[in-house]
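Here the structure is a predicted model, which means the values were calculated and not measured.
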2 protein chains.
Amino acid sequence: MEKVRPFSQALDRLRDAGLRPTRQRLALAKLLFDDCHRHITAEQLHSEALTGNIRVSLATVYNTLHQFTAAGLLREIVVDAGRSYFDSNTTCHHHFFDESSGLLSDVPKGQLEVTGMPVPPVGSEVESVNVVVRIRAAS
Amino acid sequence: MEKVRPFSQALDRLRDAGLRPTRQRLALAKLLFDDCHRHITAEQLHSEALTGNIRVSLATVYNTLHQFTAAGLLREIVVDAGRSYFDSNTTCHHHFFDESSGLLSDVPKGQLEVTGMPVPPVGSEVESVNVVVRIRAAS
DNA sequence: GTGTTTGCAAAGTGTTTGCAATTTA
DNA sequence: TAAATTGCAAACACTTTGCAAACAC
């Protein structure tokens, strides 16, 4: 008889974030965090869940993505007016956004250097610096 | 009697771009290009036009903004999932985006340097490199 | 049990589209 | 006059919301 496989990191992540580990959150967290880093939209995650026989509504996927983002487990990447992308890698890095396919990918470390922290307008403070390299299928 | 004031650059811009200088396009072009550079959304431009007694529909504002962008007169800036911004300054520069107010502004030249042109995934080519500094009202 | 979370369907937002009427050259 | 452009209203894609039922502790 097979041993119960050890818990993925998903449960601990939820606990640490103070989020109740509900069936839906756990399942989504596993999809998001168990393997390598992901760049994903709400729709994509939802259909991935359904494919994996995880019953979850699209509304809950949206809620969950925002809760995870607020908890610092995800980073929201704005590259497309009209669609939100979420990145399971919250460390500082830059992105390629393929306008032909809508695919988001990481710029390998060291290829792009941003130097200098700009002085924000008075009364405001810098929250993050985002770099997006827009690409297209070569002509 | 007052002399007819000289044509703004708007008419020439439209001619050069091969766009028929209709009443609506001319009026929008004047709002966009006659004074200093603008960062503006379709809604904003539309209400600005109405305020200036220029009858134009929102649909036409959208069409016009996209035509101007395709013609290289404007640059589209993606900073907010759900809203498109257009910049009348098409030269290379970076932006502050104030998440509290939704205001877009330029990062003064020299404060932020991007070095290195990343190698895009095979089969694709770099179209542009966009840097957005997200800011917030200071706490 | 009690407060949290979920799912549904409806509402909301910004944007695009189809097509008849209007305008431009 | 012929072709391009406009305005309207309906359609659209994505996201959020309200609330009753289900769930976690």
inquiry  = Between B/Gln24 and B/Gly82, which residue's closest nucleotide on DNA chain C lies nearer the 5′ terminus?
reply    = B/Gly82
note = Residue pair B/Glu43/B/Pro21 against DNA chain C: nearer the 5' end by closest nucleotide is B/Glu43
Atom pair distance, as rounded to whole Å: [atom1] in [X] and [atom2] in [N]:
| X | N | atom1 | atom2 | answer |
| --- | --- | --- | --- | --- |
| B/Leu65 | D/dT6 | CG | P | 12 Å |
| B/Leu26 | D/dA4 | CG | P | 19 Å |
| B/Leu19 | C/dA25 | CG | P | 12 Å |
| B/Gln67 | C/dT16 | CD | C1' | 13 Å |
| A/Leu11 | D/dA24 | CG | C1' | 13 Å |
| B/Ile40 | C/dT15 | CD1 | P | 13 Å |
| B/Leu58 | D/dA10 | CG | C1' | 14 Å |
| A/Ile54 | C/dG7 | CD1 | P | 11 Å |

Taking the side chain of [X] as its heavy atoms from C-beta onward, which of [options] lies nearest to it?
| X | options | answer |
| --- | --- | --- |
| A/Asn63 | D/dT17, C/dT15, D/dA24 | D/dT17 |
| B/Ser57 | D/dC8, C/dT6, C/dT24 | D/dC8 |
| A/Ala59 | C/dA9, D/dT6, D/dC25 | C/dA9 |
| A/Arg23 | C/dT5, C/dG7, D/dG7 | C/dG7 |
| B/Tyr62 | C/dG3, C/dT16, C/dT6 | C/dT16 |

query = Charged N to carboxylate O under 4.0 angstrom, A/Arg38 versus A/Glu48?
reply = yes
Residue matched to C/dT13 through Watson-Crick or wobble contacts both under 3.5 angstrom = D/dA13
message = Under a 3.5 Å cut-off for both contacts, is D/dA4 paired Watson-Crick or G-U wobble with anything, and if yes, with which nucleotide?
response = C/dT22
Looking at every strand, decide which applies to [X] at a 4.0 Å heavy-atom threshold: base, sugar-phosphate, or nothing.
| X | value |
| --- | --- |
| B/Arg20 | base |
| B/His66 | sugar-phosphate |
| B/Ser84 | sugar-phosphate |

ask   = Think B/Thr22 has a side-chain N or O under 4.0 angstrom from the OP1 or OP2 of C/dT23?
value = no
First locate atom [atom1] of [X], then atom [atom2] of [Y], and finally report the distance between them rounded to the nearest 0.5 Å.
| X | Y | atom1 | atom2 | result |
| --- | --- | --- | --- | --- |
| B/Leu26 | B/Arg13 | CG | CZ | 12.5 Å |
| B/Thr60 | B/Arg55 | OG1 | CZ | 11.0 Å |
| B/Leu112 | A/Thr115 | CG | OG1 | 7.0 Å |

query = Which comes earlier along DNA chain D counting from the 5' end, the contact point of B/Val61 or that of B/Ala81, where each point is its nearest nucleotide?
reply = B/Val61
query = Is there a donor-acceptor pair closer than 3.5 Å between any side-chain N or O of A/His93 and the backbone N or O of A/Val107?
reply = no
task = Using the six-membered ring wherever Trp is involved, compare the ring planes of B/His95 and B/His39 and label them parallel, tilted or perpendicular (cut-offs 30° and 60°).
result = perpendicular
